[in-house]
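Everything on this sheet refers to the single structure shown next.
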Amino acid sequence: MEYSQHFLYPSSFFASREPYVVKTVLGSCVAVCLWDKRLHFGGINHYMLSTWTGNDLASPKYGNIAIEKLIEKMRSMGSKMEDIQAKVFGGAELLDVGGGKSSTMIGERNIEIAKMMLERCKIPIVSSSVGGKRGRKILFFTDTGEVRHKFLEKREL
């Protein structure tokens, strides 16, 4: 099958009923892939920070906004909550600060907000590859929900 392609930049999301392969690269950022198992289409986001605090714009840069917006988009395209499933990727801790422990824990907080919001919305996480010390490149197929991923060496980020 010939797929249209879309590169997903940080602080954005994408959903389509047409077959797309969506590519993105993640470090401490997280991507949540949602797939409608009844209608066979999906969407993905790519966020940088876990929670919007109300200080600047409520953008998909923040996990709580990005996940909410992607769910809204899927529902506006005909999805029912009970038909949506999730796959979660990213959240690596790439910065070592003395003793090998990151002082910021951005990746960990990004993973936690995804788990928390998906659980609250009763969207099951059917697979994930999160945490660790290496970034990831992912390919998300909107028509099947398939996600291919590979770990990156630090020089590739």
Side-chain angles (χ1 to χ4, degrees), residues 1-51 59-94 105-157:
M1 171 183 260
E2 190 65 34
Y3 282 92
S4 297
Q5 295 193 17
H6 180 79
F7 185 83
L8 189 69
Y9 290 96
S11 304
S12 62
F13 64 96
F14 177 86
S16 178
R17 282 180 160 277
E18 301 303 314
Y20 268 85
V21 60
V22 184
K23 299 176 183 184
T24 198
V25 178
L26 305 163
S28 60
C29 295
V30 164
V32 174
C33 304
L34 297 182
W35 191 67
D36 185 311
K37 61 188 182 202
R38 181 177 53 93
L39 298 176
H40 298 272
F41 80 93
I44 178 174
N45 62 30
H46 179 157
Y47 60 88
M48 301 165 67
L49 299 169
S50 62
T51 311
S59 84
K61 170 182 177 180
Y62 301 98
N64 61 331
I65 304 297
I67 294 166
E68 193 176 283
K69 295 276 188 208
L70 183 56
I71 292 169
E72 283 174 18
K73 180 72 171 168
M74 296 279 293
R75 292 187 72 186
S76 77
M77 295 170 77
S79 290
K80 294 182 176 148
M81 292 300 283
E82 62 269 19
D83 295 326
I84 298 173
Q85 57 190 33
K87 295 180 179 181
V88 181
F89 296 88
E93 295 298 340
L94 301 176
M105 303 308 285
I106 292 169
E108 191 173 294
R109 287 198 303 268
N110 283 344
I111 296 164
E112 285 308 309
I113 195 70
K115 288 179 179 176
M116 187 180 80
M117 289 193 66
L118 293 167
E119 184 179 324
R120 187 184 314 147
C121 294
K122 297 179 173 50
I123 296 174
I125 298 172
V126 296
S127 72
S128 65
S129 173
V130 295
K133 299 276 183 205
R134 294 165 67 196
R136 293 160 175 86
K137 176 181 180 182
I138 68 169
L139 304 176
F140 172 58
F141 295 81
T142 61
D143 60 333
T144 64
E146 177 188 359
V147 179
R148 296 179 190 165
H149 90 289
K150 75 171 195 168
F151 288 101
L152 302 175
E153 299 304 321
K154 288 197 182 223
R155 68 182 181 282
E156 292 183 80
L157 284 175

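Keep in mind that the numbers below use all heavy atoms, side chains included, and drop hydrogens, waters and symmetry copies.
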(message) Quick check: closest heavy atoms across L118 and V32, and the distance to 0.1 Å?
(response) CD1-CG1, 4.2 Å

(message) Working to the nearest 0.5 angstrom, can you tell me the gap between Y47 OH and C29 SG?
(response) 9.5 Å

(request) Of all the heavy-atom pairs spanning A15 and M74, show the shortest one and how long it is. (result) CB-SD, 4.5 Å

(request) Give the minimum heavy-atom separation between S28 and L94, together with the two atoms involved. (result) N-CD1, 4.2 Å

(message) Give me the atom names and distance for the closest heavy-atom approach of I67 to A114.
(response) CD1-CA, 3.6 Å

(message) side chain to side chain contact (heavy atoms under 4.5 Å, CB included), that's the test. Do Q5 and F7 meet it? Break it down for me.
(response) CA-CA 7 Å; Q5 295 193 17; F7 185 83; over 6 Å; no

(request) For residues L34 and I71, determine if any side-chain heavy atom of one lies less than 4.5 Å from a side-chain heavy atom of the other. (result) yes

(message) Are the side chains of W35 and V126 in contact, using a 4.5 Å heavy-atom criterion?
(response) no

(message) Could you check whether any side-chain heavy atom of R109 comes within less than 4.5 Å of a side-chain heavy atom of I106, counting everything from C-beta outward?
(response) yes

(request) Could you point out which residue of H46, E72, K73 forms a side-chain contact (heavy atoms from CB on, under 4.5 Å) with F13? (result) K73

(message) To the nearest 0.5 Å, what is the distance between CZ on F89 and CD1 on I44?
(response) 8.5 Å

(message) Taking the side chain as everything from C-beta on, heavy atoms only, tell me whether K115 gets closer than 4.5 Å to I125.
(response) yes

(message) Using a 6.0 Å cut-off, check whether atom CE of M117 has over 12 heavy atoms from anything other than its own residue.
(response) yes

(message) Taking ring pair (Phe, Tyr, Trp, His ring centres under 6.0 Å) as the cut-off, I'd like each qualifying pair that reaches into residues 116-144, sequence neighbours left out, listed once.
(response) Y3-F141

(request) Verify side chain to side chain donor-acceptor pair (under 3.5 Å) between K37 and Q85, making sure each step is shown before the conclusion. (result) CA-CA 7 Å; K37 61 188 182 202; Q85 57 190 33; 4.8 Å; no

(request) Count the heavy atoms of every other residue, nucleotide or ligand shown that sit under 6.0 Å from NZ of K87, and state whether that count exceeds 12. (result) yes

(message) Holding to salt bridge (charged side-chain N to carboxylate O under 4.0 Å, His left out), I want the full list of residues that pass it with R75, two or more places apart in sequence or in another chain.
(response) none

(request) Enter the distance from D36:CG to M81:CE here, rounded to the nearest 0.5 Å. (result) 11.0 Å

(request) Check whether any side-chain heavy atom of S79 sits under 4.5 Å from a side-chain heavy atom of D83, and report yes or no. (result) no

(request) Apply the side-chain contact (heavy atoms from CB on, under 4.5 Å) test between V22 and each candidate in V147, L139, T142; give the one that qualifies. (result) T142

(message) Could you go through T51 and I113, starting from their C-alpha distance and side-chain angles, then the distance that decides it, and tell me whether this counts as side chain to side chain contact (heavy atoms under 4.5 Å, CB included)?
(response) CA-CA 7 Å; T51 311; I113 195 70; 3.9 Å; yes

(message) If we ignore hydrogens and angles and just use 3.5 Å, is the side chain of S128 paired with the main-chain N or O of V130 as donor and acceptor?
(response) no

(message) Could you measure the distance from the NE2 atom of H6 to the CD atom of E18? Nearest 0.5 Å is fine.
(response) 14.5 Å

(request) For E146, look at atom CD and say whether over 12 heavy atoms of other residues, nucleotides or ligands are found less than 6.0 Å away. (result) yes

(request) Would you give the length of the straight line joining atom OH of Y62 to atom CE of M48, rounded to the nearest 0.5 angstrom? (result) 9.0 Å

(request) Apply side chain to side chain contact (heavy atoms under 4.5 Å, CB included) to the pair M1 and D143, showing each step before the final yes or no. (result) CA-CA 11 Å; M1 171 183 260; D143 60 333; 3.5 Å; yes

(request) Please report the shortest heavy-atom distance between K133 and A92, naming the atom on each side. (result) C-CB, 4.3 Å

(request) Return the minimal non-hydrogen interatomic distance between I138 and A31, and the atom names on each side. (result) CD1-CB, 3.9 Å

(request) Could you tell me whether a side-chain N or O of N45 sits under 3.5 Å from a main-chain N or O of L70, the two making a donor and an acceptor? (result) no

(message) Main chain of S50, side chain of N110: is a donor-acceptor contact present, judged purely on distance under 3.5 Å?
(response) yes

(request) With sequence neighbours left out, write down each residue that passes side chain to side chain donor-acceptor pair (under 3.5 Å) with S129, or none if nothing qualifies. (result) R136, H149

(request) Just do the side chain to side chain contact (heavy atoms under 4.5 Å, CB included) check on I111 and V88 with the steps written out, would you? (result) CA-CA 8 Å; I111 296 164; V88 181; 5.5 Å; no

